[in-house]
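Residue numbering restarts at 1 for every chain, and letters A, B, ... go by the order of the sequence lines. The analysis underlying the following values was restricted to heavy atoms, covering all of them including side chains, and did not include hydrogens, waters or symmetry mates.
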Amino acid sequence: MNSLLESNVIFRNVYCFWAANPGNAEQCTPVGAVAVKDGLLPGGLEWLAYVMAGLSVILLIVNVYLVFAALYTYVDRRVLAKFQGRIGPNRVGPFGILQPLADGIKLMTKEDLVPAGADRWIFNLAPVVMMSSGILVLAVLPFGKDSFVVDLNIGILYVFAITGVNTLAMFMAGLASANRYAMFGGMRAVAQLISYEIPVVLSVVGIVMMAGTMSLVGIVEAQKVPFIFVQPLAFFVFIAGSSAEMNRSPFDQVEAEGEIIAGYHTEYSGMKFGVFQAAEFGAVLITSALIATLFLKGWEGPFLPSHVWFLLKLFFFAFIFIWIRATLPRLRIDQIMAYAWKFLLPLSLINIFVVAAEVLLLGDQITDSSGVSMDLTTSDMWIMAGINVVVAIVAVIGLAKITGMDARESTKVANVTRVIKGT
Amino acid sequence: MYGLGILKGLTVTMRNFFRKPFTVQYPEERVAQHPRFRGEEFTWYEERCTGCASCAKYCPLGIIKIVTHPGGEHVSEGQEYAIDVFDIDIGRCMFCGLCVEACPYDALFMGSGFEEGQYSRKDLVITKDRLIKADKKPSTWFRPQLESQQYNSQSESPVDWENAGREPWPYHMPVRPQSAEESLEQGEETK
Amino acid sequence: MSLSEPITVNVGPQHPSTHGVFRLRVTFDGELIVDLEPVFGYLHRGSEKLAEERTYTQVITLTDRLDYVSSMINNQAYVLACEKLSEVQVPERGSYLRTIAAELQRIASHLVATGFLLNDLGALATPLMYCFREREKILDLFEMLCGARITVSYMRVGGVFQDAPEDFWPAFKTFLEEMPYYIDEYEQFLVGNEILLMRLKGGNTVSKEQALNASITGPVLRSTGFSWDLRKVDPYEIYDRFDFDIPVGEQGDNFDRFYIRLQEMRESLRILNQCFKQIAPGPVRANVPYLYRPPAGDAYGRVESPKGELGFYLVSDGGIAPYRCKIRSPSLLNLSAIKEMLVGWKLADMIVTLGSIDINMGEVDR
Ligand code: SF4
Ligand code: SF4
């Protein structure tokens, strides 16, 4: 109980607001202050204050998440439009910023259809599962200095475990819809998402090795040098793999609108469709947040407040995702699978070996109460960065050559013979 | 190779990111239309129309309805018919302009607008009264006499039938000057 | 032995990537196509029959609506047939204006084909928007020429209906100067892209023999390495005066078809530049009466449309309307080898191939 109160600022403040004097004296007395302010509840109800603090934190985080997801749909559409030479939504509210609200109202007032042959229960459950997996991840994400719900010591493992549920939601939706396109989407989702889970998880192993912890907060604090420089290979694998997991272009097989209409959510309408969309856009935010946390020092940065830094980094990666989405065509399903197994998986393995060797050679072994760990100084990290960039380039080019992923033969432009007049 | 092509593509999209959007905000902004634009809202000069019904006959869809009765003094000469009904059902019209091409008296012109939305199909029938009352903003399509006046239906005020001029037959074979380059030079001189 | 059970899916008639109301009854084994059968006719409007009810001039408006992304060329094919029927001599300037319109239209049509192919590949409409940006300029030129952008009805038997307005030429010149830059940009954007190459290269090939047997024409035939372009082999109008090349592919795969279109845009620009230099003053329309009656007989007029050989076969009984009008539509015939192209490939390839053949349902169903 006390760990939460100590580590979490929001939680502590809400708790102090409610709990009466005897209960909050310990936690809420600022250092050096004389009087302790009474909370609103009478004494003896500290448990209630605790529950209310928990609920309000959940409410806060979930709502902020949803608002940001809605905002992101707007940003996505505007930026995408800009890439395409269009203007994008700009009618509702100033600069069209209220467009997500209008969309929400529209979706809510639409008829909620369930196809006749559908498995009602699973059909209705799928959006809920999809949404909840996104929300649960928020529990461990550090949004700024000292702002997180819990600092799980297996944070990163928890994230992957929870996001894995997405696959299930898509498969449920695809199979329950009694639609062949939806089924195609569901099957593709299972094949693709499970394949890409592996390189993504493996790419993070290197980071865990360097940081010596699985806690997201710990990883941020361990980044004396942003890991994007230290482990470019892991960054590449992670960004490619996670864009496959979010079904973003060029890996948007699961809902390839030109091929299988909308994939697993073909049959969804109204707010259920809206929930899928919100979950998808939320997934982009969460992935961007994860990338920022794992590779770009999370909330840390000079001058600006930590939350601002975090948001800046988050939207930077979100922008990159939009940019990629606006540019690239999508791969075919077999090429996507080949890419995961033949290219990303070996790359992440190479990354693990190289990082492990480097940590072993460069790190100083420390033994303390929590066990044996390796300590890396900043200069060690820069040395690693230098080596790893070279390794990354060699590995990518070499592997591309071996597996035929370099599209080398393909670049040979069609031999256009010229037929001159009078043939 | 090795993702370089993808990077090249990314630079192209980034370059376009900083270009101005090429779409326009329709009700507030409009793209400029050429005076030849074949719009809805036909322009019809009842002073000139003889009720010969050539237009009705040449319309591929047969959507012009003309009812006349002998009304003037020279009925026997095929003129001076009084027009009772002159309906154009623009709900079915495809704005091909063949009716305008067919009119031997330069009485029917294409219009210049394009915003004839109505709630009912019946309202899409342009009747004689509406044609008479309408703003006379003819398109210069197939009317070289307007074009030679540099008339611009999009910006200028309505023209009445006397100013709309008549084209001496055969109007479709104007012996105009100009290779492309000559006309360019000419344009520059007039500027 | 396959463990999975084949399923039959109706791709279309309402499907985002079938380019109109077109239906493919496909049997899939997993993602693999094992059988397919195209079903068309959803957009059948009876153009051939309607033509028998209309005068020769009125039929021009019907041809606009065949392949609605290349109306000018449809117009041209039809009026060429009419002119053969009655042996009308087209004035020079009229021919030049027709050529200008037709080549502009070819660029516009190829832009649409390229854009939609990329859209089918999943590039989220970005290349499509870029292509439409240029196409818009061409449509603006058409608006100057004839007051309409899509359903142009610009050509008449014996020429074009009206000379180009004076402000057409400066705009045309700017277009000619700007367009190469944008084609370069497409090449930079698309041709080197590894994903695009992985998707398009080597896929869904059609051999030269297959193509000839199925009487496939246009870029699909040329992608197999067979150099057949009516502008060269049977120069109609004034095409024998221009110096241009025919891009030919090698393998007959999706990439060749796509790349040939990009190249053809450049060749069209070359023709347009020569037109711009050569066009001289003069009448634009022969003195053909509005309601003209060609002598009894028959004639076949054909042009190289962006999709292939577009032909109009007209039979006249001396009346004011054609006795019979047969339209040889390239889109329909290009579809005839679709089974050979698709069986054994994946679902995604099917969509891409439909895009790279560049069918247009208005023309397939007529
Ligand atoms: S524009 Fe064409 S369709 Fe419309 S009324 Fe005139 S001839 Fe008929
Ligand atoms: S063709 Fe001209 S003159 Fe004759 S009825 Fe029509 S508008 Fe009147």
Hey, which of [options] has the most heavy atom pairs under 4.5 Å with chain B?
options: C/T55, C/L145, C/I60; value: C/L145
options: C/M144, C/E53, C/R149; value: C/M144
options: C/R54, C/E136, C/E185, C/R65; value: C/E185

- Message: Would you call the rings of B/Y45 and B/F109 parallel, tilted or perpendicular, taking 30° and 60° as the class edges?
- Response: perpendicular
- Taking the six-membered ring of C/F132 (Phe, Tyr or Trp), confirm whether the NZ or CZ of C/R135 is under 6.0 Å from its centre and within 45° of its axis. yes
[X] portion near chain B, given a 4.5 angstrom heavy-atom threshold:
X: C/F168; result: neither
X: C/L62; result: neither
X: C/V152; result: backbone
X: C/D167; result: side chain
X: C/R133; result: both
X: C/T126; result: side chain

Measure across [X] and [Y] and return the closest heavy-atom pair with its distance rounded to 0.1 Å.
X: C/L196; Y: C/L121; answer: CD1-CD1, 3.8 Å
X: B/Y58; Y: C/Q58; answer: O-NE2, 2.6 Å
X: C/E103; Y: C/S268; answer: OE1-OG, 2.9 Å

- Item | Under 4.5 Å from a heavy atom of chain C, the part of B/F95 involved | neither
- Query: With a 4.5 angstrom heavy-atom cut-off, which part of B/T140 approaches chain C: side chain, backbone, both or neither?
  - Reply: backbone
- Query: In terms of heavy-atom pairs under 4.5 Å with chain C, which of B/R15, B/M110, B/Q33 leads?
  - Reply: B/R15
- Query: Does the ring center of B/F142 lie less than 6.0 Å from the ring center of C/F161?
  - Reply: yes
- Gap separating the CZ atom of C/F242 from the SG atom of C/C275, nearest 0.5 angstrom: 3.5 Å
- OH on C/Y182 to CZ on C/F189, rounded to 0.5 Å: 14.5 Å
